[in-house]
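For reference, the structure discussed in these notes is given below.
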Amino acid sequence: MAKNFTSRKEDYSQWYNEIVIKADLADYSAVRGSMVIKPYGYAIWEMMQAALDKKFKDTGHVNAYFPLFIPKSFFSKEAKHVEGFAKECAVVTHYRLKNDETGVVVDPDAKLEEELIVRPTSETIIWDTYKKWVQSWRDLPILVNQWANVVRWEMRTRLFLRTSEFLWQEGHTAHATRLEAEEEAKKMLGVYTDFAENFMAMPVLQGIKTENERFAGALETYCIEALMQDGKALQAGTSHFLGQNFAKAFDVKFLSKENKLEYVWATSWGVSTRLMGALIMTHSDDSGLVLPPKLAPFQVVIVPIYRKEEEKITVIEKGKQIKAELERVGIRVKLDDRDTQKPGFKFAEWEFKGVPLRIAIGPRDITNNTVELARRDTLTKSVTDMEGLREQVLDLLDEIQNNLFAKALDFRNTHTTVVNSWDEFKDVLENKGGFIMAHWDGTSETEEQIKAETKATIRSIPLDYDNSEEGVCVYSGKPSKGRVVFAKSY
RNA sequence: CGGGGUGUGGCGCAGUUGGUAGCGCACUUGACUGGGGGUCAAGGGGUCGCAAGUUCAAGUCUUGUCACUCCGACCA
């Protein structure tokens, strides 16, 4: 058990914060609501980026980069969009400082003609650009992704889950037809789902947002929702079908094959460093971080154990051999040959940092031609023969990946409850948490009242929404065409 | 923006009715150690968030101010 570490049961929020800080993922910075992502945390983000980026490219997308600053006037072009983001924008008003008696001050003479908004998302600047790129149906589709930082001036921030500045990717696509855009939005939701489940080992529920929860400016918001260990839902990714809203706002038209002038159809989709929070809260335990092998910067850590100098030489030599052998098949290995820390310390440290597999080698192992293998997910150890180690490691990494997913899926299944009455709804929400499948009358009023009374929101209307099962709304008693997913959320 | 909490060596904290700052971890050096966060010894490091005020004397009292954090409202 980790020293000086709060358990999930004691205080889930504190447990989360401590993991982030003590596992060296990130730290608070001098700037309110902004964090420093430390090398180990950034390495995990880079693993995520690499996997996602490959998926984007495999589905025909290319990367580009658009400006951080957006002219203020751009925001007023799409009414819903400005409404959604106006309250959380950082605004640049001046471009110069100067010295006076009190020190450095903003130079009042350096006021910008038009204020610049630090992007909270890039639809506006990108659609202003697409106007120049699109004339003909032959210019479509545009399938562009951007890796960037964005700023949303949130009231309350939490490491990774909600910071004022965060890293993300935002895909912005332009299409000739409605159908093609809708399919793109769904396709990218599929990409996110695949990534969440097969890389993060995090089961997600695919769905559609209700009007209340929809992205500002979208006709339809598709989302994946994950369930955290404290029973709260976390929106892990969104993909928006934007219709022609932005094309109309920025006047992006093209001549179709039929020689007709038409507005372009759009999508946008994104996931952020929030996924780091999701990853932590899905798998980690009271001994610290637990990483799925596919995203672990180090999949295997080798800890040499020795007393005398001769032992050190043989043991580290063996460690290097094993490392090289594992790396030959693409396994990411760290040989922790630091002479400044004791083995016990290293065990504890790597365990806390979530490395999936640990190999310990000491003089005993050299004699017996064995190693000690320890699994992070089950915290079990076994002594195993050096022969066939590589295959065993490969198998174990797979097994750990699968086991983490299975565990998370099992948790979600046991924390998904079908409820049929209002009392039951409140009881489950209060005492059990998790996803609640309940009938809803389809109105925003009901949704808002439920939120006001219980803090639960409709996470999504499931994509596999079963509209054959009719019933009555759990709150209003009015007719309902199917069950939707309620939960308290991050 | 409302409500709570906290600001004292790098980190976590203590500091009584005001009397000039201490503990644990970390750090440095050395020895012994080394299969789950070692032991012993000797060291280094703080104008107590900031600013005024009361006082012979302020970490401590008063006023103001700033920052961070937690719980809400808002959001990915």
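As a basis for the values below, the full set of heavy atoms in this structure was taken, side chains included, without hydrogen atoms, waters or symmetry mates. Just so it is clear: chains get the letters A, B, ... in the order the sequence lines come, proteins before strands, and each one is counted from 1. Keep in mind that what you see is a predicted model, and the values were worked out from it rather than measured.
Rounded to a whole Å, the CG atom of A/Asp27 is 12 Å from the C1' atom of B/G10. B/C75 atom C1' lies 6 Å from atom CD of A/Glu88, rounded to whole Å. The interatomic distance linking A/Lys38 (NZ) with B/C11 (P) rounds to 12 Å, in whole Å. Protein atom CG of A/Leu159 is 13 Å distant from nucleotide atom C1' of B/C70, rounded to whole Å. In this entry the distance linking CD1 of A/Ile21 with C1' of B/U69 reads 10 Å, nearest Å. When rounded to the nearest whole Å, the span between CG of A/Asn212 and P of B/C74 equals 11 Å. Here the P atom of nucleotide B/C11 and the CG atom of A/Asn17 are 17 Å apart, to the nearest Å. Remark: P of B/G5 and CD of A/Gln14 are 17 Å apart, rounded to the nearest angstrom.
At B/A76, none of the side-chain N or O atoms of A/Arg274 fall inside 4.0 Å of OP1 or OP2 (strictly under the cut-off). Taking only side-chain nitrogens and oxygens, A/Lys353 never comes nearer than 4.0 Å to OP1 or OP2 of B/G37.
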Can you give me the dot-bracket string for RNA chain B, 5' to 3', counting Watson-Crick and G-U wobble pairs with both distances under 3.5 Å, using [ ] for crossing pairs and | for partners on another strand?
((((((((.[[[[.)...(..]]]].((((((.....)))))).....[[[[[..)....]]]]])))))))....

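At a cut-off of 3.5 angstrom, counting only N and O atoms as typed in the model, there is no donor on one side facing an acceptor on the other between the side-chain of A/Arg152 and the base of B/C75. On a pure distance criterion of 3.5 Å, a polar donor-acceptor pair joins the side chain of A/Arg358 and the base of B/G36. The base of B/G38 is paired with the side chain of A/Lys342 by a donor and an acceptor separated by under 3.5 Å. No N or O donor and acceptor, one from the side chain of A/Lys381 and one from the base of B/G35, sit under 3.5 Å apart. Side-chain atoms of A/Glu349 and base atoms of B/G37 include no donor and acceptor less than 3.5 Å apart.
Taking the six-membered ring for Trp and the full ring otherwise, the centers of A/Phe160 and A/Phe166 sit at least 6.0 Å from each other.
Comparing B/G10 with B/C1, their C1' atoms sit 35 Å apart, to the nearest whole Å. B/C50 sits 11 Å from B/G7 when the C1' atoms are compared, rounded to a whole Å. For B/U39 and B/G34, the P atoms lie 14 Å apart once the distance is rounded to whole Å. The C1' atoms of B/G2 and B/A57 are separated by 41 Å, rounded to the nearest whole Å. With P as the reference atom, B/C40 and B/C23 are 16 Å apart, rounded to whole Å. For the C1' atoms, the distance from B/U63 to B/G72 is 30 Å, rounded to whole Å. Atom name P, nucleotides B/G38 and B/C25: the rounded distance is 12 Å, in whole Å.
Ring geometry for A/Phe215 against A/His240 counts as parallel: the plane angle stays under 30°, on a 0 to 90° scale with 60° as the upper cut.
Across all strands, A/Thr121 comes closer than 4.0 Å to no nucleic acid atom at all (heavy-atom distances). A/Leu161 comes within 4.0 angstrom of a base, heavy atoms only. When heavy atoms are screened at a 4.0 angstrom cut-off, A/Thr157 is found touching the sugar-phosphate backbone but no base atom. In this structure, A/Gln235 reaches the sugar-phosphate backbone alone: every heavy-atom distance under 4.0 Å involves primed, P, OP1 or OP2 atoms, never a base. Among the atoms of the strands shown, none is found under 4.0 Å from any heavy atom of A/Lys346. If you check every strand for non-hydrogen atoms under 4.0 Å, A/Tyr306 touches a base.
Cation-pi check for A/Lys353 over A/Tyr40 is met; the charged atom lies under 6.0 angstrom from the ring centroid and within 45 degrees of its normal. Stacking of A/Arg162 on the aromatic ring of A/Tyr490 is not recorded, the 6.0 Å distance cut-off and the 45° axial limit not both being met. Both the sub-6.0 Å distance and the 45° axial angle are not jointly satisfied by A/Lys342 relative to the ring of A/Phe345.
In terms of position along RNA chain B, the nucleotide closest to A/Ile366 lies nearer the 5' end than the nucleotide closest to the other residue of the pair A/Phe166 and A/Ile366. Where A/Tyr490 and A/Ala374 meet RNA chain B, the nucleotide closest to each residue was compared, and A/Ala374 sits on the side nearer the 5' end.
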Yes or no on ring pair (Phe, Tyr, Trp, His ring centres under 6.0 Å) for A/His61 and A/Trp269, after CA distance, side-chain angles and deciding distance?
CA-CA 12 Å; A/His61 302 84; A/Trp269 27 273; 4.9 Å; yes

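Picking from B/G34, B/A76, B/C75 the nucleotide with the shortest atom distance to the side chain of A/Asp339 gives B/G34. The side chain of A/Phe345 sits closest to B/G37 out of B/A76, B/C75, B/G37.
With salt bridges taken as basic N to acidic carboxylate O contacts below 4.0 Å, one links A/Asp285 and A/Arg376. The pair A/Glu225-A/Arg412 does not count as a salt bridge, with every side-chain nitrogen at least 4.0 angstrom from each carboxylate oxygen.
Using modelled atom types and a 3.5 Å distance limit, the side chains of A/Glu447 and A/Tyr475 yield no donor-acceptor pair.
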